[in-house]
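Notes to accompany the following structure.
Order of appearance sets the numbers: ligands from 1, and atoms from 1 within every ligand. Worth saying up front: this structure is predicted, and the values here are computed from it rather than measured.
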Amino acid sequence: MSIPFLDLKAPYAELRDELDAAYRRVMDSGWFLLGPELEAFEDEFARYCGARHCVAVGSGCDALELSLRALGIGPGDEVLVPSHTFIATWLAVTETGARPVPVEPDEHTATMDPALVRAAITPRTKAIVPVHLYGHPADLDPITAVAREHGLAILEDAAQAHGAGYRGRRIGSGTGTATAFSFYPGKNLGAMGDGGAVVTDDAELAESLRLLRNYGSREKYRHEVPATNSRLDELQAAFLRVKLARLDEWNDRRRAVAARYLTGLAGTPGLRLPAVADWADPVWHLFVVRADHRDEARSAFATRGIGTLAHYPVAVHRSEAYTGLGDFWHLPIADRLAGEVLSLPIGPHMSDDDVDAVIAAAREVFAAEKEPAR
Ligand SMILES: *Cc1c(COP(=O)(O)O)cnc(C)c1O
């Protein structure tokens, strides 16, 4: 038996004809950047999210960084970020020259704890970046309330949460000032390479982003601001249009896999299941359990042919990239999560039999693991 952590061939197998047609359409057009596919994708993704504007860029990292720049954030500013997230959330901040200020997560949802936000704000704070980690929305209402009080922008990192819902609203439908997405191949909506997008209801912000992604230029050879080059190309836009039409169906399948895990794994000793908050309609980018002996458990799954990962095994402030910056931070929850998180295989193309095989293996892995402790 072999169940990979992630199967990136299955989506192509299902959509081969449509993706091949999209490829040929773009190749035959001879138009590869800033063309009709990009425009159509931006319209379709804005509509999907329930936002007025969508600006598609080269990656999720760029979607975050350019949004911060468009919000006027740079050296001397502080931005609140979760202590427990993928490092890209922090990198986007440090690339602008601003300083990331970590906020510890709520223990149950692993997303930014709203109760800790206020204490992290200083006169230099300009924005808050809640991350809808693993596809589970952060608790936006109390975070937004504090942001309003202090005149701060909210930039949502929805790189793992395409289609997720917060209190009946879709993430990106004006839930924050702007919402950044990644189309990295393994994400719920994934391209055949890198890609990202920002959605917002703010027309001025969208216009700034259009400048920032294209050499600061609206008109050829007129450059209004210093900027970079970060554009979603026509091929990726055409592929993403095909896959966007399947996103809801594939998210539903992820929900079904997660529900099967939650039932099948209930009561397994040594394994704590992910919580779903009452405000959240998660899209299960990852199915993350917690285990005291995570690394041993990963090896035991591997010997049974089951691929697992840890998201993420090193807390961001412990990363080499932030040596010096984070040395004095005391972030015990981030540290503990980094040691405990264990991601089981999940995806829209997993069969019920695959899920049941992972459940059966988990029961063995954790039963065996308990023995030495007795
Ligand atoms: C994937 C991811 C990003 C970065 O997106 P890229 O497209 O890989 O640059 C940012 N934040 C989070 C939470 C992510 O999971």
Side-chain angles (χ1 to χ4, degrees), residues 5-6 8 41 45 54-69 79-96 100 102-103 105 109-112 127-138 140 154-164 171-172 175-176 178-199 209 212-213 228-233 236-237 239-240 243 251 254 274 282-288 309-317 319 321-322 334 337-338 341 343 346-347:
F5 176 72
L6 179 65
L8 286 178
F41 173 71
F45 194 61
C54 170
V55 182
V57 296
S59 71
C61 260
D62 285 353
L64 289 165
E65 183 193 331
L66 298 182
S67 295
L68 292 169
R69 288 189 193 281
V79 177
L80 307 194
V81 293
S83 58
H84 178 66
T85 181
F86 179 50
I87 193 170
T89 316
W90 289 45
L91 292 172
V93 175
T94 49
E95 285 297 289
T96 68
V103 176
T109 65
T111 59
M112 182 181 273
I128 308 177
V129 187
V131 179
H132 306 310
L133 198 68
Y134 309 148
H136 184 294
L140 290 170
I154 300 236
L155 169 61
E156 296 164 85
D157 180 341
Q160 305 187 356
H162 320 68
I171 291 300
T175 37
T179 306
F181 292 89
S182 162
F183 306 128
Y184 175 78
K187 300 288 162 84
N188 290 36
L189 178 60
M192 313 298 152
D194 278 317
V198 184
V199 302
L209 284 162
L212 288 173
R213 75 168 173 189
T228 190
N229 170 10
S230 178
R231 304 171 298 205
L232 185 77
D233 65 68
Q236 299 306 335
F239 294 147
L240 285 166
K243 295 183 84 179
N251 278 344
R254 286 175 182 273
V283 287
W284 299 101
H285 173 59
L286 297 169
F287 190 89
V288 178
L309 283 174
H311 295 89
Y312 298 89
V314 179
V316 182
H317 67 290
S319 159
Y322 291 125
L337 286 174
V341 287
S343 305
I346 191 166

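For atom 15 (O) of ligand 1, the closest non-hydrogen atom of the protein is Gln160 NE2, 2.7 Å. Nearest non-hydrogen protein atom to atom 2 (C) of ligand 1 is Lys187 NZ, 2.7 Å. The protein atom (non-hydrogen) at minimum distance from atom 13 (C) of ligand 1 is Asp157 OD2, 3.4 Å. Annotation: atom 9 (O) of ligand 1 to nearest protein heavy atom, Cys61 N, 2.8 Å.
A side-chain donor-acceptor contact under 3.5 Å links Thr109 and Thr111.
Distance alone, capped at 3.5 Å, places no donor-acceptor pair between the Thr96 side chain and the Arg69 backbone. Under a 3.5 Å cut-off, the side chain of Arg254 and the backbone N or O of Trp284 do form a donor-acceptor pair.
Ring pair Phe181/Phe45: centre-to-centre distance below 6.0 Å. Ring centroids of Phe5 and His311 are separated by less than 6.0 Å, placing the two rings close together.
A tilted orientation is assigned to the rings of Trp90 and Tyr322, their planes being inclined by 30° to 60°.
The distance from ligand 1 to the heavy atoms of Ala159 drops below 4.0 Å at these ligand atoms: 2 (C), 3 (C), 10 (C), 11 (N), 12 (C), 14 (C), 15 (O). Close contacts of ligand 1 with Val131, meaning ligand atoms under 4.0 Å from a residue heavy atom, involve 13 (C). In summary, the atoms of ligand 1 found under 4.0 Å from a heavy atom of Gly60, numbered by their order in the structure, are 5 (O), 6 (P), 7 (O), 9 (O).
Of all the listed residues (Ser59, Ala88, Gly190), Ala88 holds the heavy atom that lies closest to atom 10 (C) of ligand 1.
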